[in-house]
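Keep in mind that the numbers below use all heavy atoms, side chains included, and drop hydrogens, waters and symmetry copies.
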Amino acid sequence: EFMALQRAGRPLTPKEQKRVVAFQRKHEKTWLGALARGGKGTAVFRAGVLREVSLRCWRGADVPPHDEPQLATLEHLELEGGSNLPLAELLQAPVWRSLKSLTVPARLVTAVPAALLGRLEALGVSGKGIEVVKLPPGLVRLRALHLRDQWANAVKVLAGPRCPAELAD
């Protein structure tokens, strides 16, 4: 019923919208599987498929396995976590077939593989006290760059080759 409602092809009635929310609330942990520990409460499903999630990984058990099938359907991922966790390895896993938008801590920008960079349309960089972000080469489809500093300070962006020049200003 959840999938049928999401694939209805028409605006849902208020009653149907409440039903979708209730289904997700009830079943989200099960549907997220290995992503549930770090992503519970942040999942966005479209057409009954997981498309967006924010993973907050503060313990090793929060980091999903690199072969988690749902990673392949994600279009947007926001990743945050401890520096002692294998988050760079997760980004380098060959599962990111649908990912178009990624937000990561500044320390992980250089860990994003070139093949994934070439597909990204939006990149978010977050961090405490970041002053300079050097964008890696290969961001040929990038249309949006979001910088989030803990104190909302100005952040200087250094664009790499083949990165849209207007993003560096």
Side-chain angles (χ1 to χ4, degrees), residues 1-109 111-113 115-128 130 133 139 141-150 152:
E1 185 179 354
F2 179 79
M3 289 180 82
L5 286 169
Q6 284 206 322
R7 294 175 181 217
R10 59 172 172 74
L12 299 179
T13 67
K15 185 177 179 179
E16 289 171 328
Q17 290 174 359
K18 287 180 184 178
R19 189 84 176 124
V20 167
V21 170
F23 269 122
Q24 185 167 339
R25 217 178 269 139
K26 181 176 181 181
H27 299 287
E28 183 178 66
K29 185 175 180 182
T30 302
W31 294 342
L32 286 177
L35 303 179
R37 284 193 171 138
K40 190 167 188 300
T42 66
V44 174
F45 292 84
R46 280 193 291 282
V49 177
L50 180 64
R51 295 298 184 183
E52 300 180 23
V53 72
S54 295
L55 292 176
R56 309 279 187 259
C57 303
W58 301 110
R59 298 170 299 149
D62 297 340
V63 181
H66 302 167
D67 60 351
E68 169 59 45
Q70 294 200 75
L71 297 176
T73 67
L74 288 176
E75 294 173 348
H76 174 77
L77 172 66
E78 187 172 323
L79 185 60
E80 184 180 331
S83 58
N84 60 332
L85 297 176
L87 301 179
E89 291 83 357
L90 178 63
L91 289 171
Q92 294 166 5
V95 296
W96 306 108
R97 290 192 276 287
S98 302
L99 202 64
K100 298 176 188 171
S101 173
L102 176 66
T103 299
V104 294
R107 64 183 165 76
L108 290 177
V109 170
V112 181
L116 179 53
L117 286 172
R119 288 195 313 270
L120 290 180
E121 295 172 7
L123 176 64
V125 182
S126 63
K128 294 179 181 176
I130 56 174
V133 173
L139 293 165
R141 293 188 181 169
L142 195 68
R143 300 291 171 257
L145 176 64
H146 307 280
L147 302 173
R148 211 174 43 208
D149 171 275
Q150 177 186 14

*Asks:* To the nearest 0.5 Å, what is the distance between OG (S101) and CD (E78)?
*Replies:* 9.0 Å
*Asks:* Atom CG in L87, atom CG in L79: separation rounded to 0.5 Å?
*Replies:* 5.0 Å
*Asks:* May I ask you to test the T103-V125 pair for a side-chain heavy-atom distance under 4.5 Å?
*Replies:* no
*Asks:* Looking only at non-hydrogen atoms, find the nearest pair between E28 and T42 and report the distance.
*Replies:* OE2-N, 4.3 Å
*Asks:* Looking at side-chain heavy atoms only, is the closest gap between L55 and E80 below 4.5 Å?
*Replies:* no
*Asks:* Using every non-hydrogen atom in the two residues, find where V112 and L91 come nearest and quote the distance to one decimal.
*Replies:* CG2-CD1, 4.1 Å
*Asks:* Rounded to the nearest 0.5 Å, what's the gap from OG on S54 to CG on L77? Could you check?
*Replies:* 7.5 Å
*Asks:* For a side chain to side chain contact (heavy atoms under 4.5 Å, CB included) check, start with the C-alpha distance between V49 and R7, then their side-chain angles and the critical distance, and finish with the verdict.
*Replies:* CA-CA 10 Å; V49 177; R7 294 175 181 217; 4.2 Å; yes
*Asks:* Under a 4.0 Å threshold between the charged nitrogen and the carboxylate oxygen, would E75 count as salt-bridged to R51?
*Replies:* yes
*Asks:* List the steps and the verdict of side chain to side chain contact (heavy atoms under 4.5 Å, CB included) for L90 and L71.
*Replies:* CA-CA 10 Å; L90 178 63; L71 297 176; 3.9 Å; yes
*Asks:* Output the distance between atom CG (L123) and atom CZ (R141), rounded to the nearest 0.5 Å.
*Replies:* 15.0 Å
*Asks:* What is the minimum heavy-atom distance between A47 and M3, and which atoms define it?
*Replies:* O-CE, 4.0 Å
*Asks:* Counting N and O atoms only, with roles assigned by atom type, does the side chain of T73 sit under 3.5 Å from a partner on the main chain of L50, one being a donor and the other an acceptor?
*Replies:* yes
*Asks:* Compare all side-chain heavy atoms of R119 with those of R97 and state whether any distance is below 4.5 angstrom.
*Replies:* no
*Asks:* Working note: L145 + L139, criterion side chain to side chain contact (heavy atoms under 4.5 Å, CB included); need CA distance, chi angles, decisive distance, verdict.
*Replies:* CA-CA 11 Å; L145 176 64; L139 293 165; over 6 Å; no
*Asks:* Between S98 (side chain) and A72 (backbone), is there a donor-acceptor pair under 3.5 Å?
*Replies:* yes
*Asks:* Does Q92 use its side chain to pair, donor to acceptor, with the backbone of P113 at less than 3.5 Å?
*Replies:* no
*Asks:* Show every ring pair (Phe, Tyr, Trp, His ring centres under 6.0 Å) that has at least one partner inside residues 11-30, sequence neighbours left out.
*Replies:* H27-W31
*Asks:* So, for E68 and L32, which heavy atoms are closest and what is the spacing to 0.1 Å?
*Replies:* OE2-O, 4.5 Å
*Asks:* Short question: side chain of Q6, backbone of F45 - any donor-acceptor pair under 3.5 Å?
*Replies:* yes
*Asks:* Between W96 and L102, is the side chain to side chain contact (heavy atoms under 4.5 Å, CB included) condition met? List the steps.
*Replies:* CA-CA 11 Å; W96 306 108; L102 176 66; over 6 Å; no
*Asks:* Measuring from atom NE2 of H76 to atom CD of E121, what distance do you get when rounded to the nearest 0.5 angstrom?
*Replies:* 12.5 Å
*Asks:* Return the OG to CG distance between S83 and L108, rounded to the nearest 0.5 Å.
*Replies:* 9.5 Å
*Asks:* Show the nearest heavy-atom pair for residues R46 and V44, with the distance to one decimal.
*Replies:* NH1-CG1, 3.6 Å
*Asks:* Tell me if a side-chain donor or acceptor on R56 pairs with a main-chain N or O of G81 at a distance below 3.5 Å.
*Replies:* no
*Asks:* Main chain of A43, side chain of Q24: is a donor-acceptor contact present, judged purely on distance under 3.5 Å?
*Replies:* yes
